[in-house]
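Each remark here refers to the structure printed beneath this line.
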Protein chains: 2
Amino acid sequence: MYTISEVAEKTGIKPHTLRYYEEEGIMQSERTPSGIRRYTEQQVGWLRFILKLRETNMPVSQIKQYTHYVKEGDHTALDRLHLLEVHMQNIQQQMAELRETEAMLEKKVKMYKEMIHTTDTLK
Amino acid sequence: MYTISEVAEKTGIKPHTLRYYEEEGIMQSERTPSGIRRYTEQQVGWLRFILKLRETNMPVSQIKQYTHYVKEGDHTALDRLHLLEVHMQNIQQQMAELRETEAMLEKKVKMYKEMIHTTDTLK
DNA sequence: ATACAAATTCAAGTGCACTTGAAGTCAAGC
DNA sequence: GCTTGACTTCAAGTGCACTTGAATTTGTAT
């Protein structure tokens, strides 16, 4: 079992943010008798999972929805599948936009390099 | 020359947001004698360009920096090149994260599909 | 026991990128 | 010439995802 600062260390997420995630209902923790948070390996695994969702811009509200389904049990499998599939489409959309802009920038960068090279050789 | 609402129509950006971009110094417009905005084809082209930067999460502050360089003239070509190259790296980083999460979700989706199928056939 | 770093809760604040509102000006159609 | 809708400026508000602060309690090391 890990303390909040150990988990913060392991994952790069601040203790404050971990408490905020718990407030928001997307993270869980155990508590010592005096009320201090302790995290199981599984809970850290869950954190890593939801961080991947956040990194790819799934809103906290949707992660919350997914988390609720998980808590409700196996009969929500179809709903979970649906959420994940929608997010995958979202990811594919994001990649398409990134690729497009990358291509545009490649051209522009090439232009700038030629321009700078030309200027240099005239000096 | 286009009016603000024509540009809004063409690009999907609200008139209000166009004025905000001008405030922020990342867009330009001409004015009629009475002070109403008119956009040249070039200005619309610039808008489309900065929208691609925004879509790929370049902060408005950096776009502003780039815009200033453009206004300053050719001697800033190297600085502009640098900004674009940094943003391209940023894009590549974003794509890497998206691909990683996509791979993870593909596995999870497959698992859910198998699980649901198994449950179905037991009914 | 005592010091002190780290934990707790609850509330308020921050930064970004818009968005909305209020109050007024302008221009084209009837 | 008057209405109507689009335009203007300037300021305040919104939503998201944290972040910071204040006041208090807890746990470990001397």
Side-chain angles (χ1 to χ4, degrees), chain A residues 1-40 43-44 46-68 87 90 94 97 101, chain B residues 1-40 43-44 46-68 87 90 94 97 101:
Chain A
M1 302 275 279
Y2 305 103
T3 66
I4 197 166
S5 49
E6 283 166 351
V7 175
E9 178 84 11
K10 282 166 89 80
T11 62
I13 297 302
K14 291 187 184 161
H16 261 112
T17 308
L18 284 168
R19 293 188 199 103
Y20 160 74
Y21 281 173
E22 198 168 324
E23 267 287 296
E24 288 299 300
I26 67 178
M27 260 303 285
Q28 300 75 230
S29 66
E30 309 302 317
R31 299 292 181 113
T32 65
S34 55
I36 291 175
R37 274 169 254 260
R38 287 292 129 90
Y39 296 84
T40 65
Q43 285 165 337
V44 176
W46 175 261
L47 176 59
R48 289 194 203 282
F49 168 61
I50 63 173
L51 287 180
K52 287 226 151 292
L53 298 181
R54 280 295 305 123
E55 267 172 16
T56 54
N57 305 306
M58 185 185 273
V60 169
S61 60
Q62 268 174 48
I63 299 177
K64 190 192 300 198
Q65 184 62 61
Y66 187 84
T67 307
H68 286 338
H87 186 53
N90 204 317
Q94 290 181 64
E97 277 173 1
T101 301
Chain B
M1 303 275 279
Y2 305 104
T3 67
I4 198 167
S5 50
E6 283 166 351
V7 175
E9 178 83 11
K10 281 167 91 78
T11 62
I13 298 302
K14 291 187 185 164
H16 260 112
T17 308
L18 284 167
R19 293 188 200 106
Y20 161 74
Y21 282 173
E22 199 167 324
E23 267 288 295
E24 288 300 300
I26 67 177
M27 260 303 284
Q28 300 76 231
S29 65
E30 309 303 318
R31 299 293 180 114
T32 66
S34 55
I36 292 176
R37 285 174 182 77
R38 287 292 129 89
Y39 296 84
T40 65
Q43 286 166 338
V44 175
W46 175 262
L47 176 59
R48 290 194 203 282
F49 169 60
I50 63 174
L51 287 179
K52 287 227 152 291
L53 298 182
R54 280 294 306 121
E55 266 173 16
T56 55
N57 305 306
M58 185 185 274
V60 168
S61 60
Q62 269 174 47
I63 299 178
K64 191 191 301 198
Q65 184 63 63
Y66 187 84
T67 307
H68 286 339
H87 187 53
N90 203 317
Q94 290 180 62
E97 277 172 2
T101 302

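Small disclaimer: the values here were computed from a predicted structure and weren't measured. Throughout, a chain's letter reflects where its sequence line sits, starting with A, and its residues are numbered from 1.
The side chain to side chain contact (heavy atoms under 4.5 Å, CB included) search around His16(B) returns Arg19(B), not counting sequence neighbours. A search for side chain to side chain contact (heavy atoms under 4.5 Å, CB included) contacts involving Asn90(A) returns His87(A), Gln94(A), not counting sequence neighbours. Taking Glu6(A) as the reference, nothing meets the salt bridge (charged side-chain N to carboxylate O under 4.0 Å, His left out) condition, with sequence neighbours excluded. Residues forming a side chain to side chain contact (heavy atoms under 4.5 Å, CB included) with Ser61(A) (at least two apart in sequence, or on another chain): Pro59(A). For Thr3(A), the side chain to side chain donor-acceptor pair (under 3.5 Å) test picks out Ser5(A), with sequence neighbours left out. Checked against ring pair (Phe, Tyr, Trp, His ring centres under 6.0 Å), Tyr66(B) has the following partners two or more places apart in sequence or in another chain: Phe49(B). Judged as a salt bridge (charged side-chain N to carboxylate O under 4.0 Å, His left out), and not counting sequence neighbours, the contacts of Glu22(A) are Arg31(A), Arg37(A). Residues satisfying the side chain to side chain contact (heavy atoms under 4.5 Å, CB included) criterion with Leu51(A), sequence neighbours excluded, are Thr11(A), Ile13(A), Tyr21(A), Leu47(A).
Under the 4.5 Å side-chain criterion, counting only non-hydrogen atoms from C-beta, Thr67(B) is in contact with Gln28(B).
For residues 47-61 of chain A, the pairs satisfying salt bridge (Lys or Arg N to Asp or Glu O under 4.0 Å) are Lys52(A)-Glu55(A), Lys52(A)-Glu100(B), with sequence neighbours left out.
Only Arg19(A), Arg31(A), listed by number, bring a heavy atom of residues 17-31 of chain A to less than 4.0 angstrom from any atom of DNA chain C. Using a 4.0 Å cutoff on non-hydrogen atoms, no part of residues 58-67 of chain B comes near DNA chain D.
Along DNA chain C, the nucleotide nearest to Ser5(A) and the one nearest to His16(B) differ in position, and the one closer to the 5' end is contacted by Ser5(A). Remark on DNA chain D: of its neighbouring residues Pro15(B) and Gly35(A), the 5'-side contact belongs to Pro15(B), judged by nearest-heavy-atom nucleotide.
Which of dG21(D), dA6(D), dT8(D) sits closest to the side chain of Arg37(B) comes down to dT8(D).
Counting 5' to 3', DNA chain C first comes under 4.0 angstrom of a heavy atom of chain B and last does so at the ends given by dA17(C) to dA27(C).
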